[in-house]
There are 4 protein chains.
Amino acid sequence: MHIGILTGGGDCPGLNAVIRAVTLALVHQCGARVTGIRRGFLGLLTNEVLPLDAAAVAGILAQGGTILGTHNRCDPFHYFGAGGADVSDQALANAKVLGLDGLVVIGGDGTMAIAHQLHQKGLPVVGVPKTIDNDLCHTDRSFGFDSAVAVVAEALDRLETTARSHGRVMIAETMGRYAGWIALEGGMAGAADVILLPEVPWSLDAVVARCRTREAREGYSLICIAEGAHAAGAGLSVAQTIADSPDPLRLGGVGALLAHQLQPLLHSEVRATLLGHVQRGGSPTPFDRVLATRFGWHAAEQVRQGCWGGMVVLQGDRLGLVPLADVAGRNRPVPSDSPTLAAARALGVCLGD
Amino acid sequence: MHIGILTGGGDCPGLNAVIRAVTLALVHQCGARVTGIRRGFLGLLTNEVLPLDAAAVAGILAQGGTILGTHNRCDPFHYFGAGGADVSDQALANAKVLGLDGLVVIGGDGTMAIAHQLHQKGLPVVGVPKTIDNDLCHTDRSFGFDSAVAVVAEALDRLETTARSHGRVMIAETMGRYAGWIALEGGMAGAADVILLPEVPWSLDAVVARCRTREAREGYSLICIAEGAHAAGAGLSVAQTIADSPDPLRLGGVGALLAHQLQPLLHSEVRATLLGHVQRGGSPTPFDRVLATRFGWHAAEQVRQGCWGGMVVLQGDRLGLVPLADVAGRNRPVPSDSPTLAAARALGVCLGD
Amino acid sequence: MHIGILTGGGDCPGLNAVIRAVTLALVHQCGARVTGIRRGFLGLLTNEVLPLDAAAVAGILAQGGTILGTHNRCDPFHYFGAGGADVSDQALANAKVLGLDGLVVIGGDGTMAIAHQLHQKGLPVVGVPKTIDNDLCHTDRSFGFDSAVAVVAEALDRLETTARSHGRVMIAETMGRYAGWIALEGGMAGAADVILLPEVPWSLDAVVARCRTREAREGYSLICIAEGAHAAGAGLSVAQTIADSPDPLRLGGVGALLAHQLQPLLHSEVRATLLGHVQRGGSPTPFDRVLATRFGWHAAEQVRQGCWGGMVVLQGDRLGLVPLADVAGRNRPVPSDSPTLAAARALGVCLGD
Amino acid sequence: MHIGILTGGGDCPGLNAVIRAVTLALVHQCGARVTGIRRGFLGLLTNEVLPLDAAAVAGILAQGGTILGTHNRCDPFHYFGAGGADVSDQALANAKVLGLDGLVVIGGDGTMAIAHQLHQKGLPVVGVPKTIDNDLCHTDRSFGFDSAVAVVAEALDRLETTARSHGRVMIAETMGRYAGWIALEGGMAGAADVILLPEVPWSLDAVVARCRTREAREGYSLICIAEGAHAAGAGLSVAQTIADSPDPLRLGGVGALLAHQLQPLLHSEVRATLLGHVQRGGSPTPFDRVLATRFGWHAAEQVRQGCWGGMVVLQGDRLGLVPLADVAGRNRPVPSDSPTLAAARALGVCLGD
């Protein structure tokens, strides 16, 4: 048996743990030959490969990123970009030349959509969900998310000392364009007083009211805002300012704009920090190492059993499989009945609504 | 409404997060009065209390230990020790004098057994599970466990560099007298080559064989052994040595004795480290902060709704409640069909069997 | 003896360690009474104080920020701002009413200038240097700097995994408006390929050349740039862009503008992260805890011996004292003969010149 | 030019940073050929080598251990052991066959003694000091020490939460057989109440007195004891117990024995933790990465300038060189006039005397 592995989309702590687990399980249990495909689907088109065995994956469990490299935008069905040519036949031909009996694809919803199409054209595929944002459908958790939450919580711990010492409002902007999981769990872990998500419409007035109450009593506030929180605002003041700003997200981000709007309405100084790329780099937390290892092992199990066309998922404490078709192109926002959201409200965290 | 909170048994990262969540939720939602009972059930007998409100719990989310203090051995039904007097009436009388409408009890199976008895005698009680070992029945996870796993994984990361540089066998002994969850997940997160648990009977021969194979190929090995692993051995050589040693667990531990036995059978130097108390101290991981906060919130919900006599649990991703009677005095070993155990085997981790 | 302590200027990891050391040393050795002045010099004007003793400083060694609070802009000689009234007599009168025999002032060059003036007007003062940027004159190191360097190094560790996985140029912007110590040591500790400082004039061409070489060979680059690096450019392209931008430092920072300029000149994607306030918050590193404790102890020694009017310094491995007059209003850039700078050059780090 | 590098003695965080710096500086500045010798002096006898260049040292700055491997006991002048044969001619012959123009030797006092002898027999050598214990003569600091102190401080932070929650005396035993630097700085950074060093004769009575005072007031105590602290006791009770115990250091260590002795004299429970090998493994702190890089660069400078026979040192903030002969076989205890020791005393830390 000869199995390929590739990682697609943005990097994420735990990718190497999956690569290691798939490799070790297939080598140890089946004596399989395993080949890494470099730079996502691009390597399948350009024949960039890396042989994988126990020695090749030794020591990578705790390493951030992916030893295979990845590529954000390579889609063999649109090469490159939305109007690009369909070169998927080339990908399939290369897989045949390599002698691959199957392919383990690790990636997000975009990558799964490609994996699904390749599978429909005859390439045996198993998917492993990868999303720093924890917003893939059908899986309760994905690796990398816990690591991102840990970065946010540590940043809030740091910002809190400054907020308290200076009597300031400190804002931390997290990842999460469409789903607010990172801001919600990171904010809860970092004791944020205000948490703003894409899923919960919020008004500047509610945030101001909360900060003023704390100005009078505790003297400072911590705000945790997801980068996509502006899009959902009922009172769209932040979003409007953004719309009028030149390329604002690359510059200061929604947190800086919130600071800009809050400052004239409060006595305290307001400062924003855009956490940015540090949320997705670095060594995975032990939790993510174990979760990614379990995902990798379960993907190898599907390969062993010849179960192709599905994506590994975690439901409760159990691993399962869902059809690739059910995952592609969908995402999973924080539901309105989320128990963590309920806990936040109950503890008096301001959600801006 | 006036609610008491106490923490019993050994300390655990996340206790303060529960105390904070219960307090904030009850104050914020019900305007309740909340009183902390100091030093476990001892404080209920000696009337040592600490008033709790938003100010009192500010800044404790990330603190290790418990601001209420705890006590390992105080049982009002056996004061002190197995043959001690039943002074539970005094505890109930004091609760009445304090004017408590109910008590939130955070603790392990021993503490839950006491809570159950107090509830049967008429004190309204809600339990919150606390076990660093993750071995309480009916709950998939308990707070503190992730923090302990993180300590073990970081220690293995450190020991690995020495093992590799010197070509050694390095042994880390973890907590886990009756259940091997910490050793299993910590060992998986730290890329241990051998993981020895109380639940899996193991032989020295199997460990030697694995270390010899690695001596020849990788040149070094990492072993992660639970403190209770000796008790389950089929070939009881380590356990026998321990039985013949004077008070061995307080001195070197089972890891040191394994090192003692392995050394003559291997070419490499063998070294053991007993991780000890650092596994249960310190700031909780962000994961544990969120989990403990959710537990605390859910306990406050039971109080609000007048649901007494149960213990909060996590099942899958959902919080629930089980009767205290179902928890008391039982524990939850790693099941033989544990998917993490299966993943370990599949990746070639030696479990000694 | 009755001694006051205050912290002025921006917060910095280790402030609490100094407060603790001064308090413990004076209480333990002299039985002195110690009083904390809240919010920098503002508390001296408004009589906001906090009694300090062993119990009050227990547990604060590892806490970030300052339990006394601080204030960035309160100067009793210009209340508030450059043209403000001289209310220093009020400060002196309040110190007399409090019965202070002396004042320990922890702060940067601005704070030391005020301390110097108060000392000249008759208030016995000892200064303790505080600068996250490590740029106070006469002291080789100041506490907080090691903590800031650690934050930068960890961020670069994280960014490196993304840079390598995606084949990107990742830019981290650090603190350091006038002195580049944080960028230099943080960059060295984080294996940056390019380090840009205020002290070393640099050109975009040199940075592009280095990134292109690495594009061809390693495939990715890490750039560490101090926020003040733009001011020193020989080819002022970044600075010029900043000059033309609306309030750019509050938005994206110099790192984002460097990314903007680099992007069209390289094949790789370029991404910038502004590390911001997380560099000055949070628990001090063990190194900073010890250094701050030594500073605090040495300040207490000066108090005991009646040596007023000086600031504690570290020179080599020895603590000393320099007149406040020698410190006020000056700073200490990275010297051109800095051995760390020489090491950077020798290892092939691009400094842009 | 062709230069060899080897690492001898126990591993230490920062070894790879030195290897990287020497390699990059020699390659970048001189176009030198650099060869790593594996497993200390053993590789020089067995011709185990690893070619080093920029690619080979990429990514190792932050890795613990040594990519070259090391060996604790190989001395070409006594092969193996104290009465062993002198095979140093073989080492020199191999160096000639390899074509080495010089050798950079990274190690402790034993390794420097060997390096000195090889240099006297004609092999050009430059030494770089390596000691986790910070006890090499003539250098104020050595890399790895800050990392070890950080491990101790973090462990004390963790133990403190348990000590406080349970009202216990918690003991942490650190490395330091002959010198107490790790216990002193680690203890200061971790707010230990009692610090016991080899250099300061101490009595059990003094420790008991301190713990009793704290039992009455704070309710708990933290003790930090160096493994060699027993050897210096005026009242040798712990040492005597050790002398009577079978192989005690491999088992519980001096901390466990101190616990054994303290327990009957105190009301509180007493618990000991032997920190062990985790103190010398793992990623170096940013401070150590910079220091090790500076050492490596300075060693390369000596090579470039043909300055052989010396060991690089740090004195104050400056790097220098001392003759290998002056270092070999000596160590550097904490001096009685150490300012950190003075600070400890002044703050009321009990040193047991």
Side-chain angles (χ1 to χ4, degrees), chain A residues 7 10-13 15-16 39-40 63-73 147 151 154-168 170-172 219-220 245-253 255-257 259-260 269 271-283, chain C residues 7 10-13 15-16 39-40 63-73 147 151 154-168 170-172 219-220 245-253 256-257 259-260 269 271-284:
Chain A
T7 50
D11 71 324
C12 181
L15 285 170
N16 284 327
R39 297 204 285 160
Q63 281 180 17
T66 159
I67 59 167
L68 298 177
T70 183
H71 202 284
N72 270 2
R73 297 180 321 270
S147 302
V151 170
E154 192 200 321
L156 287 172
D157 284 356
R158 292 186 178 279
L159 297 176
E160 193 267 354
T161 66
T162 296
R164 194 160 30 85
S165 298
H166 284 272
R168 279 188 188 155
M170 300 294 283
I171 301 171
Y220 70 97
S245 302
D247 204 0
L249 284 176
R250 210 195 54 243
L251 294 177
L257 286 159
H260 184 70
E269 289 178 320
R271 294 282 186 278
T273 299
L274 200 170
L275 298 180
H277 298 279
V278 293
Q279 292 166 88
R280 71 182 322 134
S283 182
Chain C
T7 50
D11 72 324
C12 183
L15 286 169
N16 284 328
R39 296 205 285 162
Q63 281 179 16
T66 160
I67 59 167
L68 299 177
T70 182
H71 202 283
N72 269 2
R73 298 181 322 269
S147 302
V151 170
E154 192 199 322
L156 287 172
D157 285 356
R158 291 185 180 279
L159 297 176
E160 194 267 352
T161 65
T162 296
R164 193 158 33 82
S165 297
H166 284 272
R168 279 189 188 155
M170 299 295 282
I171 301 172
Y220 70 97
S245 302
D247 204 1
L249 284 177
R250 209 196 55 241
L251 294 178
L257 286 158
H260 185 70
E269 289 177 321
R271 293 283 186 279
T273 299
L274 201 170
L275 298 181
H277 298 279
V278 292
Q279 292 167 87
R280 72 182 322 135
S283 182

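Throughout, a chain's letter reflects where its sequence line sits, starting with A, and its residues are numbered from 1.
Atoms NE2 and CD, from His166(C) and Glu269(C) in turn, are 8.0 Å apart once rounded to the nearest 0.5 Å. Once rounded to the nearest 0.5 Å, the distance linking CD of Gln63(A) with CD of Glu160(C) reads 9.0 Å. To the nearest 0.5 angstrom, Ile171(A) atom CD1 is 12.0 Å from His260(A) atom NE2.
With chain C as partner, the option from Val151(A), Leu68(A), Asn72(A), Asp157(A) having the largest number of non-hydrogen pairs under 4.5 angstrom is Asn72(A). In terms of non-hydrogen atom pairs under 4.5 Å with chain A, the most contact-rich of Ala172(C), Gly64(C), Gly69(C) is Gly64(C).
The heavy-atom pair separating Arg39(C) from His71(C) by the smallest distance is O-CB, 3.4 Å.
The contact between Ala272(A) and chain C is made entirely by backbone atoms, counting heavy-atom distances below 4.5 Å. If you measure heavy-atom distances from Gln279(C) to chain A, you find no contacts under 4.5 Å at all. Contacts between Glu154(A) and chain C at a heavy-atom distance below 4.5 Å involve the side chain alone, from C-beta outward.
Partners of Ser165(C) according to the side-chain contact (heavy atoms from CB on, under 4.5 Å) rule, which considers only residues two or more places apart in sequence or in another chain, are Asp11(A), Thr66(A), Thr70(A).
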